[in-house]
Structures are given as structure tokens and as C-alpha cells.
Amino acid sequence: MQAGWAVLQGTRDTGNSRRGPTSNHTDSMTQQLDRLGDWQRSHDCGTLTDHQLGDEVTLMGWVATRRDHGGVIFVDLRDRYGITQVVFNPQHSATAHEKADALRSEFVIAVHGVVEQRPEGMRNPRLVTGAIEVNCDDLRILNASEAIPFQLDDQTEVGEETRLRYRYLDLRRTSMQQNLITRHRAYQATRGYLDREQFLEVETPFLIRSTPEGARDYLVPSRVNRGRFFALPQSPQTYKQLLMMAGFDRYFQIVKCFRDEDLRADRQPEFTQIDIEMSFVAEQDIMQMAESLTRHICAEVCELSLPEPFPRMTYAEAMNRFGSDKPDTRFGLELKGAEPAGRASDYKIFQSVLDSGGQVKGINAKGCSDLPRSRIDALIAFAQEHGAKGLSWIKHTDKGLEASIAKFFPDEAQQLLISCLESEPGDLLLLVADSPEMVAKVLGALRLELARQLELVAADTWHPLWVTEFPLLERDDEANRFVAKHHPFTSPMEEDVPLMESDPGAVRARAYDLVLNGNEVAGGSIRIFQQQMQEQVFRLLAIDEQEARAKFGFLLDALTYGAPPHGGIAFGFDRLVALLAGQSNIREVIAFPKTNKAVGLMEEAPGGVDEMQMRELGIRLR
RNA sequence: GGGAUCGUAGUUCAGCUGGUUAGAACGCCGGCCUGUCACGCCGGAGGUCGCGAGUUCGAGUCUCGUCGGUCCCGCCA
């Protein structure tokens, strides 16, 4: 036995191989490892306190750290629940102490011992179990571990590439365990709430028919039906509507969705939705339900109390005041119209934009008149990255308005500018002149960037907001036609139906988004449930009858057999959990996420396939 | 498809206007240590400077290309 442990110590790799363990010391040690035998875990590593003093316990877990004092060895034993200090004292058990000499980080062990009070002054107030320690009399080494490629403490920030390559190690870190626990609690809060509210959880297919509307589909070739393909669902949209037509009244599902689009910090190729649909309802019913659900989740998971009811804002107001359809209302910096000042100025750029139907709007960066030129230049560059031709700026000092463009603003125009932007000495005015869409886009982004730079968002503030009355349609300039902004089954607002022929772009939808701290966490709509209306909308979208039949024939048929009025909403579950976990990146709340290039670094997915598989599927690369 | 940024020891980073043998901390390995908990002390090992070209007497450093990570624009009904 003893010789065996010596082998183990001597062969532990120093330099780590990059792609996992190549040394075979683990193999050579297998015979020296202990069996679990009849040992049973009596407690976890996060529960022992003064109350168990004197108890004999058996703990199992990972060696978080080993502190060898020559005479006495301390091991911090870690599991999902916490950390307990184990003491190996030669006077208590010479064998256990001798054996503990071989322990290294991340070895998996079982210890048997007695819960003892720590000596006076040796307590660790930072551990729940810090008042006690387990005096070990018997140790079983269940598994060894190579030296791990990065430390598991939360002290040093390890690069994400390394973390993702060894995700199973990364997930051992306390912060990641907390994130997944938060996620779990959000699942349970959701299921509990919706179950109590009479919602039925129903699964819908993952292998579905591809429809070229919307995002790119992930495709799955069918072997049995050679040359045909399934798509993975971008959402269970049509199925949940069919469940309403089937009379299920209240449906929900916590479900994976798939979109083959480029990734972002808040976008993964596969992501999770809380998908909900209800029959015999209008906007108010769904919004009220979604609001209660959100309040319930936030209360259960984070003990937050959100306002009741959530504030509401129309899409038009959101775009006008915040330049965004998901405004972060935790700070000011609202967009202000500056057209009168632009008209009164001699500034050619503003004049020509206004003459061609554009807008001049601005943000008043309060108290920023002393911002150095370099920072302003960076803001200009930022605006240009977002598509602006330029960003005009004017400092409001004690002496009045100062800037290179101030000379184009006669006194009257200056006064108008000051009143339009509610400016005071000490402020910095940032102005954009462009099409209304571009003005909103640029100033909306600039507003967020300024708030970030100026640290205007106080920690632990939660601003939920409903955005309503979205446009039904959106102009697709490339295809020169209208496309659905939400999806083609969204019902138009009744009072706007007459506009469908005359001014389709002005028709508002019975759609709503739930925004939390500037993040879209849910979105939904009242659906079309009468066939004539669905056909009318398809016409607007330039989808002819043949195409509509081919793509959505089953849904159109279902509409003819007594479809109830219905509507629903879907939550971006990953985003919601990320917010609750205080993470700005949804990868932090997903166990095994993909990189920006939609690659799994650990399992190296996607990978190639055998020629045989391709042949069976009737697929050839070109 | 485009832009920005990063890539140096296992990890996190430093490495100046191009110039001797590429450094630090943590980790790892060995030794010592009976009350630590970021243990301590002594010693040691560990590098394809992402990869490939180019400029140069000389490249971690400059140029071009390429691969990969991250953030953003486009895209995401």
C-alpha cells in the first residue's frame, strides 16, 4: 500500500498537457485507489455545525485544498453544498494521516470521523461550517486527479476559452454552481406557479417542418425520407396555437429553441423559452398573468419585489423618448427633439436633413461639459459605428454654448437649443440629424453607452416595463415588401384594420414585450384566430395562397374548424436567469454553451461524419 | 459578411524606440514544518511567444496572411 502512494506522488504531472490527461499515472494507480465499499454519506459538506458536535460522520467530496503542516494535515472538503474542514492528526489516526499525505487538489475522497469544535480562535467565520471540523479516523481515496488546468477559486479570472474547454471543471466553481442553482430555482418557480394557475405542460416536436420565414433553421436530414429535411423549431409557435385549437386552454412548456444565426453575449444557437399560450383572452389577461409569473419568479429566486402593476409604454413612445423598443428606464438621458433649433440655425447639415423629412434630436449629458475632447471623439466614433454620419456636440458652459459648430447657431437658435434639451451650464449636448430610424438607433445606443461610462445605473434597481402597440409590419428594403415584425400570426389592432389596405405600415399589432432593465425578457401577441384575417395578413406579407398553403396549410385548416381566440407570450429564460444571477452573459447560466462561432469547445461539436452516414442520408458536400 | 480587441509557462499577466540566456505571481514537483484556512519557509521543473510568410545583421516586439476567444454592427418573423 505504502509503496503505491509513493508512486502516485512521484508521477503526478507537472506541466499539464493541453488536451486532457496524457500521463497514465491514474491508470497505474487504479489498484491503489479505494473502493467505496459499504460506506454511506451521512452528511453533506455544508451542514455540520455545533449541533453535531461529537457525532460520527461520513463525508464525501473533492479535495478543495490541502494544508500540510508536517505534523497535522488540513483538507477543505468540497461538495455542492459547501466546504468542511477535515483534520488528519497522527495522534488520532496515524494511518489516516499517513494516507492523507498523498492527497492533492480535486482528489475524490470519503472520510469518516468525529465532529469536533475547533480550538478557540481557530474558527472560520466565512464558512457555515467554520465552527467545527471533522477529525478523521479513516480515509478512503476514491479517485485521483491530474493537476487541473486552472484554479477553481473565484480569485483569478480565467479566460473563457479554457473554462469552456474544461467546462466540467469550471462547473465545479462555486459561482457556476450558484448560477445553475439559480436557474433550477427559476424552473421550479415557473412550473409551480403555472401549475397552480391551471396551465398544462405539453411537449411539442423538435423535428418539424422548415419554413423559410424568420431566422435560419437548423436542418436535420431524414434517412427514411431521403432528400427531405426536418428543421429544429425556432419556437413552438404553430404547435401551441394548435393546442389552443385542440381546447387545451392554458398551455406552457419550458422548451429549447434553435436559431442558426450569428451569436452575441445574449444569444445562443440553442436557448430556452418559457412558452405560454392561453385561450379566450385579450392582451390584459396575458400581460397580467406574465406579470404575476415574473413577480413570482423574481420573488422566489431573488427575493425581489417588483412593482405592481408594471409600467406600460407604447412602442412609439419608447422609440421617441429612448430610441429603443426595449428601453432601460433606470436612468434619464432621454432623447429630445431639437427641430426648432435646427431650423433656426445656419447649420447646413441639420437644414438639409430636416428638409428631406429627417429629424434632429439630442441627448443632454448632464454635467458633462468638462468631458475631454478624446472622450467626445470616442463618442463620435461610437455613433458612427452604429451608422450615424456624424455626431454634433455642444458644451454649455458659464459663457454659453461652445463648440466648433456654435457659430452656425445665432442667439435665437442657441436659446431654442437650450430650451429643447433643457440645458444648463455644465451640460454637454449631443445631437444627431438623420432619418427617424437612424436617429433612434444611434441616440438609443449612445444613451446606453453614456450611462455605462457615467455609471448612472445604481446596483440592485429593477425596472420592468411593458412595451405595447408594436407595428404589425416592417419594411424589408431588400425584398421591397412588408414582413411581419413579430410573426405572421399576430393579430392587428382592431381600430387599425381599416388601414391595412391604405397604409399597412401604420397598422399596429396586438403585440407586447416585457422589458427588464433594458433587456427583452418576454414577447408575445394576440393571435389571429379567424381565417379571413389570416388570409388578409398573408396578402399584406405578399404570401400568395399557394405559398401559404404549402407552408402553413395545417394551421389554416385548423382555423376553419372552430379556433378559439387566443394569444400568448414567450420568455427568454436564459436572459431572465442571467439577470437574476447578476450575469451580463447568458453563457454563465448555461451548463454547456457554445462559442461565438456556435462551436462546443469541450466536445468539439460540430464535427465531421462518416462517408457512410452521408451516403445513407443521400447527402454530398459541394 | 463587416468592425474592434485579445492570443507569451498549467493559469493570470509583464516584456520599453526591434538587440545578451523571455520574467513575475499563483499553481505544480521535492524537502522542512502539529492549528492552518490565500498556511509558512527552502529548493526545483516548466516556453513551438497561436500558426505561416515577409522586412531586418537580428522579430515575442514591425508588416501581411491565417486560426481561435471575446464584444459590437449586419442578421436574429
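None of these values were measured; they are calculated from a predicted model.
- Looking at heavy atoms from C-beta onward, Gln85(A) lies out of side-chain contact with Thr129(A) at the 4.5 angstrom threshold.
- Glu588(A) has its CD atom 14 Å from the C1' atom of C71(B), to the nearest Å.
- Look at Thr595(A) and you'll find a side-chain N or O under 4.0 angstrom from OP1 or OP2 of G69(B).
- One atom, CG of Asn585(A), and another, C1' of C72(B), lie 14 Å apart when rounded to the nearest Å.
- Each of Ala484(A) and Ala265(A) was matched to the nucleotide of RNA chain B holding its nearest heavy atom; the match closer to the 5' end belongs to Ala265(A).
- With a 3.5 Å ceiling on both atom-pair distances, the Watson-Crick or G-U wobble partner of C64(B) is G52(B).
- Evaluation of the side chain to side chain donor-acceptor pair (under 3.5 Å) test over residues 258-268 of chain A, restricted to residues two or more places apart or in two chains, returns Arg216(A)-Glu261(A).
- Qualifying ring pair (Phe, Tyr, Trp, His ring centres under 6.0 Å) partners for His386(A), counting only residues two or more places apart in sequence or in other chains: Phe382(A).
- Of the C1' atoms belonging to U55(B) and G23(B), the separation is 28 Å, rounded to the nearest Å.
- Within the 3.5 Å criterion, the main-chain N or O of Cys45(A) finds a donor-acceptor partner in the side chain of Thr84(A).
- With a cut-off of 3.5 Å on both Watson-Crick or G-U wobble distances, the partner of C13(B) is given as G23(B).
- Between the P atom of G46(B) and the CD atom of Glu146(A) lies a distance of 18 Å, rounded to the nearest Å.
- In this structure, the side-chain hydrogen bond (donor to acceptor under 3.5 Å, both in side chains) partners of Arg475(A), at least two apart in sequence or on a different chain, are Asn480(A).
- Using a 4.0 Å heavy-atom cutoff across all strands shown, Glu133(A) reaches at least one base atom of the nucleic acid.
- Each of Gln91(A) and His487(A) lies near RNA chain B, and the nucleotide nearest Gln91(A) is the one positioned closer to the 5' end.
- Look at Asp76(A) and Arg78(A) and you find no salt bridge, because none of the NZ, NE, NH1 or NH2 atoms lies under 4.0 Å from a carboxylate O.
- Picking from U70(B), C29(B), G68(B) the nucleotide with the shortest atom distance to the side chain of Arg587(A) gives U70(B).
- Shown are Arg510(A), Lys485(A), Arg508(A); of these, the salt bridge (charged side-chain N to carboxylate O under 4.0 Å, His left out) with Glu469(A) is made only by Arg508(A).
- Within residues 60-75 of chain A, the residues that place at least one heavy atom under 4.0 Å from RNA chain B are, in residue-number order, Arg67(A), Asp68(A), His69(A), Gly70(A), Gly71(A), Val72(A), Phe74(A).
- C16(B) and G7(B): their P atoms are spaced 12 Å apart (whole Å).
- Shown are Val577(A), Thr272(A), Ile274(A); of these, the side chain to side chain contact (heavy atoms under 4.5 Å, CB included) with Phe571(A) is made only by Ile274(A).
- At least one side-chain nitrogen or oxygen of Asn596(A) sits closer than 4.0 Å to the OP1 or OP2 atom of U70(B).
- With rounding to whole Å, Met438(A) atom CE is found 13 Å from C73(B) atom P.
- Between Pro236(A) and Asp275(A), the shortest heavy-atom contact is CG-OD2, 3.4 Å.
- A heavy atom lying under 4.0 Å from RNA chain B marks the following residues of residues 80-90 of chain A, by number: Gln85(A), Asn89(A), Pro90(A).
- When heavy atoms are screened at a 4.0 angstrom cut-off, Ser235(A) is found touching base atoms of the nucleic acid.
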Salt bridge (charged side-chain N to carboxylate O under 4.0 Å, His left out) assessment of Asp434(A) paired with Lys389(A): CA-CA 8 Å; Asp434(A) 215 311; Lys389(A) 293 177 199 72; 3.0 Å; yes

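- Residue Glu161(A) contributes atom CD, which lies 13 Å from atom P of C71(B) at whole-angstrom precision.
- When distances are taken from the side chain of Arg104(A) to each of U11(B), C29(B), C72(B), the shortest belongs to C29(B).
- Within 4.0 Å of Glu474(A), counting heavy atoms only, lies no atom of the nucleic acid at all.
- Atom-to-atom, NE2 of His386(A) to P of C72(B) comes out at 10 Å; the value is rounded to the nearest Å.
- Under a 4.0 Å N-O distance rule, the pair Glu547(A)/Lys551(A) qualifies as a salt bridge.
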Steps toward salt bridge (charged side-chain N to carboxylate O under 4.0 Å, His left out) verdict (Glu449(A), Arg452(A)): CA-CA 5 Å; Glu449(A) 176 63 15; Arg452(A) 193 186 63 77; 2.9 Å; yes

Could you go through nucleotides 74-76 of chain B and list every protein N or O atom that sits under 3.5 Å from one of its N or O atoms, giving the distance for each pair?
from: G74(B); atom 1: N7; to: Arg264(A); atom 2: NH2; distance (Å): 2.9
from: G74(B); atom 1: O6; to: Arg264(A); atom 2: NH1; distance (Å): 3.0
from: G74(B); atom 1: N1; to: Asp262(A); atom 2: OD2; distance (Å): 2.7
from: G74(B); atom 1: N2; to: Asp262(A); atom 2: OD2; distance (Å): 3.1
from: C75(B); atom 1: O2'; to: Glu261(A); atom 2: OE1; distance (Å): 2.7
from: C75(B); atom 1: O2; to: Arg267(A); atom 2: NH2; distance (Å): 3.1
from: C75(B); atom 1: N3; to: Arg267(A); atom 2: NH1; distance (Å): 3.2
from: C75(B); atom 1: N3; to: Arg267(A); atom 2: NH2; distance (Å): 2.8
from: C75(B); atom 1: N4; to: Arg264(A); atom 2: NH2; distance (Å): 3.3
from: C75(B); atom 1: N4; to: Arg267(A); atom 2: NH1; distance (Å): 3.1
from: C76(B); atom 1: O2; to: Arg267(A); atom 2: NE; distance (Å): 3.3
from: C76(B); atom 1: O2; to: Arg267(A); atom 2: NH1; distance (Å): 3.0
from: C76(B); atom 1: N3; to: Arg267(A); atom 2: NH1; distance (Å): 3.1

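- Note: CZ (Phe382(A)) to P (C72(B)) measures 10 Å, nearest angstrom.
- Pair check for C41(B) finds G31(B); Watson-Crick or G-U wobble, both atom distances under 3.5 Å.
- Taking atom CD of Glu106(A) as the reference point, atom P of G27(B) lies 14 Å away to the nearest angstrom.
- Both distances falling under 3.5 Å, in either a Watson-Crick or a G-U wobble arrangement, place C71(B) opposite G3(B).
- The side chain of Thr162(A) contributes no N or O atom lying less than 4.0 Å from OP1 or OP2 of G69(B).
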Verdict with supporting geometry, Arg167(A) and Glu603(A), salt bridge (charged side-chain N to carboxylate O under 4.0 Å, His left out): CA-CA 10 Å; Arg167(A) 189 59 155 184; Glu603(A) 69 278 41; over 6 Å; no

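- When heavy atoms are screened at a 4.0 angstrom cut-off, Val158(A) is found touching the sugar-phosphate backbone but no base atom.
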